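Accompanying notes for the structure given below.
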Amino acid sequence: MAIHYDILTIFPEAFQGIFSIGMVRKAREAGLASIAVHNLRDYAADKHRTTDDTPYGGGGGMVMKPEPIFRAVEALLAQPGLPAENVPIILLSPQGRLFTHEVAKELARHPRLIFICGRYEGVDERVRQLLATDEISIGDYVLSGGEIAAMAIVEATVRLIPGVLGDPGAPFEDSLAEGLLEYPHYTRPRVFRGAAVPEVLLSGNHAEIVRWRRQQALKRTWERRPDLLKKARLTPEDWEYLQKLERGEAD
Ligand code: 9D3
């Protein structure tokens, strides 16, 4: 099922590059994704096309006015030929719930998604109160606005649309789905600046290679993201290997 994305921003030009390459481009060309980037200034009512104003109560900085955002969303939902019911209206903000693979899966089930990209100090609270149905952050660091977050969410969801991925059983997707970090990858040359490709990968023994890669993924996750192991789907053999790591008996 295809997804239509609507993005509301005062910087529409920022999206052209990212949406013209890779998986997003492929999905669009295949008709599995369509993306409409809308300039919020087009929905401003005054001749200067104002989208921001000073905050009540003072304090400096600027706040995004509610009217252009409401007008834009209402105009989009009135467009014929696109879903208008149960459409998530997602405010991108540092105060939102954290974006994860689980959230990406949840969003990718919808045929249409509307994103509101804030700038400046943020958006007028009435947008949150009366218009947005969801609020998402992509992590605990300060960005200058919601544009990069919208790009990240489009990229992460587009690849979950059935038919977009070349091979849905590709190792990388498997690994992510299972909640483990990736095993190390190598290509030619066999020795590069003194660092050799692990012998097992040249052995031709497929079963051994599968086992080695699984163990490397487990080791990496154990070393770098032990938090992920709690949720990962692990086999008895995985647990045995992890116990060896804990005891310092494996490498
Ligand atoms: C300098 C103002 N900040 C005070 C500590 C608050 C603030 C307001 C607006 C911080 C960032 C922003 C703009 N950021 C976003 O709109 C944003 C965002 C982010 O900053 N981090 C992670 N995810 C997101 S989604 C949208």
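Whatever order the structure lists ligands and atoms in, that order sets their numbers, starting from 1. Not measured: the values here are computed from a predicted model.
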For [atom], what is the closest protein heavy atom, and at what distance to 0.1 Å?
| atom | answer |
| --- | --- |
| atom 23 (N) of ligand 1 | Ile138 N, 3.0 Å |
| atom 21 (N) of ligand 1 | Tyr141 O, 2.8 Å |
| atom 12 (C) of ligand 1 | Leu143 O, 3.6 Å |
| atom 7 (C) of ligand 1 | Pro94 CG, 4.2 Å |

Under a 4.0 Å threshold between the charged nitrogen and the carboxylate oxygen, would [Y] count as salt-bridged to [X]?
| X | Y | answer |
| --- | --- | --- |
| Arg224 | Glu182 | no |
| Asp134 | Arg97 | yes |
| Arg119 | Asp52 | no |

request  = Using non-hydrogen atoms of the residue, decide whether Tyr120 is closer than 4.0 angstrom to ligand 1.
outcome  =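 Yes, Tyr120 has a heavy atom closer than 4.0 Å to ligand 1.
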query = Does ligand 1 have an atom under 4.0 Å from some heavy atom of Ser93?
reply =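 In this structure, Ser93 qualifies as a contact of ligand 1 - some heavy atom is under 4.0 Å.
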query = Quick check: are there more than 12 heavy atoms from other residues, nucleotides or ligands sitting under 6.0 Å from OH of Tyr56?
reply =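 No.
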task = Of the side chain and backbone of Ala149, name the one, both, or neither that has a heavy atom under 4.0 Å from an atom of ligand 1.
result =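 Answer for Ala149: side chain.
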query = Is ligand 1 under 4.0 Å from a heavy atom in the side chain of Arg119, in the backbone, in both, or in neither?
reply =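 Under 4.0 Å from ligand 1, Arg119 contributes no heavy atoms.
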inquiry  = Any protein heavy-atom neighbour for atom 9 (C) of ligand 1 (distance below 4.0 angstrom)?
reply    =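 Within 4.0 Å: yes, protein heavy atom nearby.
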key: Under-4.0 Å heavy-atom contact between protein and atom 5 (C) of ligand 1   =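 No, there is no protein heavy atom closer to it than 4.0 Å.
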By number and element, which atoms of ligand 1 are closer than 4.0 Å to a non-hydrogen atom of [X]?
| X | result |
| --- | --- |
| Gly139 | 21 (N), 22 (C) |
| Val142 | 10 (C), 11 (C), 20 (O) |
| Glu121 | 2 (C), 8 (C), 9 (C) |

query = Does Gly122, backbone or side chain, put an N or O under 3.5 Å from an N or O of ligand 1?
reply =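 The answer is no, given that Gly122 and ligand 1 share no N or O pair closer than 3.5 Å.
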key: Side-chain donor/acceptor of Ser137 to backbone N/O of Leu98, under 3.5 Å   =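 Between the backbone of Leu98 and the side chain of Ser137 there is no qualifying donor-acceptor contact (under 3.5 Å).
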request  = Verify, without hydrogens or angle tests, whether Arg71 (side chain) and Tyr43 (backbone) share a donor-acceptor contact under 3.5 angstrom.
outcome  =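 It does hold such a pair.
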query = So, Tyr5 and Thr157: side-chain donor and acceptor under 3.5 Å apart, yes or no?
reply =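 Yes, because at least one side-chain N or O of Tyr5 sits under 3.5 Å from a partner of the opposite role on Thr157.
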inquiry  = Are Trp222 and Glu246 packed together at the side-chain level, in the sense that at least one heavy-atom pair is separated by less than 4.5 angstrom?
reply    =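 Yes, at least one pair of side-chain atoms sits under 4.5 Å.
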inquiry  = I want to check something: taking the side chain as every heavy atom from C-beta on, are His38 and Leu76 in contact at a cut-off of under 4.5 Å?
reply    =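 Contact flag for His38/Leu76 side chains = yes.
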